[in-house]
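Structure first, then comments.
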Amino acid sequence: MTEFLIGRGHDGPARVGVYKMGSTKVQTPFLVGPPSTESIIGYATLGRNDSPAGGPTILAIPSPIHDSKSLISGVREDDSLLLPSFPAVSTLGTEAAEILLENQLRFIDEVQGKVDPSRLIVRIPQQFDSEKLASILAEFSSLGVRAASVSLDGWLGPHDYSALGKRTMLPIDWLTIALGRISPSSVPFLFYLGFDVFDLGYAIESASRGVRLWNLSEESITGRILPRTCSCIACADHSDLRELCRDELHTVLLRHNLNIYQSILSESIQSLRLGRLRWLVESMVHSSTAAASLLRMTDRSLFAFLEEFTPTSGQTNLSLIGPESYNSPTVKRFRDCLASRYTPPEHKKLILLLPCSARKPYSESKSHQRFIKAIEHSIGTTRSSVAETILTSPLGVIPRELERLYPAAYYDIPVTGNWDTEETEIATEALVTHLQKFAESAEVVAHVSGGYLDVVKSAEDRVNQSIVYTTDQHSPSSFDSLQSLQNVLKDMREIFSLKGGPPTLFEDTLRATADYQFGPGAGEALVPDGAKLGGKLYRMVVCRVNKEQTCAFIGDGGSLSLTLEGGRRLIPLRRYWVRFEGRKLQGGSVFAVGINEADSGIRPGDEVLVLNNQDEVIAVGRSEMSGREMCDFKKGQAVSVRHKVK
């Protein structure tokens with residue numbers, strides 16, 4: 001049977017876990033191929049002489065099958081069985097694909113009682129209607145099947161794109177195997193997409209052709225060019241591989257190629273644990289135009305699948321390298337949530353557009369310190385009437401109240417001073433959407449230059465407010481620009497008759513953060529009028545209502561930490577809840593086995609409410625899984641509890 005034990009959070013659909021092969025427990029992800037090392041599971045065809053007699057093996061059942069029961073009679077308990085296919089099924093259309101799946105169901109029925117269905121692996125054909133596939137997968141699940149294989153041709157074109165789409169339709173508690181031409185550079189990407197097992201066939205085939213594989217490329221050893229120097233254990237003793245005889249060369253190349261796959265898989269696993277798997281994927285897709293295209297297409301068409309398993313919080317640096325980052329799940333989700341959940345406070349009469357800075361949060365950078373000083377010098381205590389809005393790529397716009405939020409406080413981009421067309425379009429759309437939230441009578445002050453100025457100019461004809469420019473193409477932090485900003489703000493103070501008052505940054509920040517985390521209405525529920533706020537934004541701000549704490553703003557992550565009282569106030573919103581089925585909550589965790597219901601909108605890293613069957617809050621804490629995983633998985637930590645009813 002298959003089991004997946006989820007660690008603390010995700011980095012996309014990638015996961016580590018355990019695949020039970022009889023009495024043997026194999027850590028996933030793993031490689032399948034010749035069992036030359038302990039870390040590689042064997043892969044062979046059932047009934048052939050090359051079937052290994054060593055450790056656990058995935059055995060492919062040949063087709064056609066004349067006597068199913070006798071064929072599997074000698075299969076060991078630790079072996080898994082890949083259900084039969086037939087030649088060229090991917091080219092025969094939908095009808096052939098349907099016949100293939102029906103034949104696999106028939107085989108399961110024939111061997112019933114002889115083989116535990118959890119040891120069987122379904123072959124997923126390419127040409128098959130999505131709705132029908134979902135229905136037939138449910139039938140396999142009901143029979144006890146817990147694994148599937150998807151075939152790729154390795155060219156990263158339409159066939160592989162279709163295969164990735166099929167992957168997203170599989171039950172999330174199934175082991176998923178990538179078969180076919182899998183290059184080393186594809187391993188991180190496929191792992192990121194949720195594949196658990198990778199075919200080493202291309203490593204073997206390349207060695208037989210005299211080709212040595214590398215992470216991002218390959219080289220032919222049979223040519224005239226002197227081979228690259230390699231210090232791996234397979235190549236270190238050979239200064240020139242061209243001097244080896246054919247059999248020796250094959251042995252060295254096969255060993256080297258297998259080492260490359262093991263190395264890149266190990267790097268992928270480590271990157272997952274560090275929260276940098278997406279970064280690794282983006283950094284490697286530039287090895288080919290096809291890989292870059294496939295990632296961009298995947299981000300657009302499979303966004304819902306990727307986003308579901310992407311954490312909403314973090315404290316690691318988020319490197320946004322280039323165009324492949326523009327629509328990554330973390331980035332696009334931020335833009336979407338800001339557009340749908342942020343509501344500017346009613347007292348904001350002016351919108352001040354500012355450029356981003358390298359240092360995060362922006363208010364701690366030298367440039368923004370100058371901006372803030374100019375604002376306070378010109379309008380003093382009426383600063384609370386100004387909606388300070390930072391323009392940036394690729395996040396779009398960031399209100400000052402949300403500058404400490406993930407990913408706004410943790411991203412880093414290459415800065416050249418020039419914005420490409422896609423960057424400008426993304427930021428323009430975000431700015432237009434943002435300004436539509438303000439009254440038409442509000443005034444926009446654009447204190448920007450360069451690419452930021454291009455964004456504002458692109459949006460100008462699409463917004464209802466008038467825009468005043470202050471920089472005259474100078475740097476926004478220059479003396480002349482800052483003086484111009486002060487003069488404009490002084491004029492605006494007179495025009496709008498802005499009145500001074502107590503600062504509202506704490507209230508604005510906590511309410512905006514609450515709405516961003518939990519959806520519209522959360523800010524008013526957790527931070528109502530009259531709430532007492534105290535602390536420092538860069539450290540912690542505590543909110544109390546009638547002397548009882550509802551939440552705390554944590555400066556390091558820019559998010560809210562709930563108390564039990566805060567959780568109770570959010571119950572009417574019916575969001576971010578988990579239903580615990582046990583009698584009493586023990587310890588500091590809620591495990592998936594104790595959850596049958598959860599909000600499908602929960603993502604790893606979300607702050608969640610734990611409810612009992614009477615809809616009472618019994619705990620609050622941080623989710624370690626998506627809501628769907630909590631319901632479908634039977635093992636693993638679902639929620640890290642912070643407070644619970646005693």
Whether [Y] and [X] form a salt bridge (side-chain N of Lys/Arg under 4.0 Å from carboxylate O of Asp/Glu) is what I want to check.
X: Glu77; Y: Arg119; result: no
X: Lys332; Y: Glu307; result: no
X: Arg622; Y: Glu624; result: yes
X: Glu282; Y: Arg278; result: yes

Measure from the side-chain N and O atoms of Ser151 to the backbone N and O of Ser149, and report whether any donor-acceptor pair falls under 3.5 Å.
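Answer holds: no.
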Could you walk me through whether Arg246 and Leu249 satisfy the side-chain contact (heavy atoms from CB on, under 4.5 Å) test, starting with their C-alpha distance in whole Å, then the side-chain angles of each, then the deciding distance to 0.1 Å, before giving a yes or no?
CA-CA 5 Å; Arg246 182 173 181 176; Leu249 178 62; 5.8 Å; no
Using a 6.0 Å distance limit plus a 45 degree cone around the ring axis, check whether Arg574 lies over the aromatic ring of Trp577.
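Yes, cation above the ring, under 6.0 Å and within 45°.
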Cation-pi geometry met for Arg181 and Tyr202 (6.0 Å, 45°)
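Because its charged atom sits under 6.0 Å from the ring centre and within 45° of the axis, Arg181 does stack over Tyr202.
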We want to know whether [X] and [Y] form a side-chain donor-acceptor pair, criterion being a heavy-atom distance below 3.5 angstrom.
X: Thr57; Y: Arg76; result: yes
X: Ser301; Y: Tyr161; result: yes
X: Ser271; Y: Ser268; result: no
X: Asn103; Y: Arg123; result: no

Tell me the salt bridge (Lys or Arg N to Asp or Glu O under 4.0 Å) pairs involving residues 254-277, sequence neighbours left out?
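For residues 254-277: none.
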What distance separates Leu295 CG from Phe189 CZ, expressed to the nearest 0.5 Å?
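Here the rounded value is 5.5 Å.
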Aromatic plane relationship, Trp214 with His256 - under 30° parallel, 30 to 60° tilted, over 60° perpendicular
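Perpendicular: the ring planes of His256 and Trp214 meet at over 60°.
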Nearest atoms (heavy-atom pairs only) where Asn596 meets Glu581
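Looking at all heavy atoms of both residues, the shortest contact is ND2-CG, 3.4 Å.
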Take Arg333 and Asp336 through the salt bridge (charged side-chain N to carboxylate O under 4.0 Å, His left out) test and state the conclusion after the steps.
CA-CA 5 Å; Arg333 176 173 58 202; Asp336 292 347; over 6 Å; no
Pairwise ring-ring contact (aromatic ring centres under 6.0 Å, His included) hits with a residue in residues 286-311, at least two apart:
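For residues 286-311, and leaving out neighbouring residues, the ring-ring contact (aromatic ring centres under 6.0 Å, His included) pairs sorted by first residue read Phe305-Phe309.
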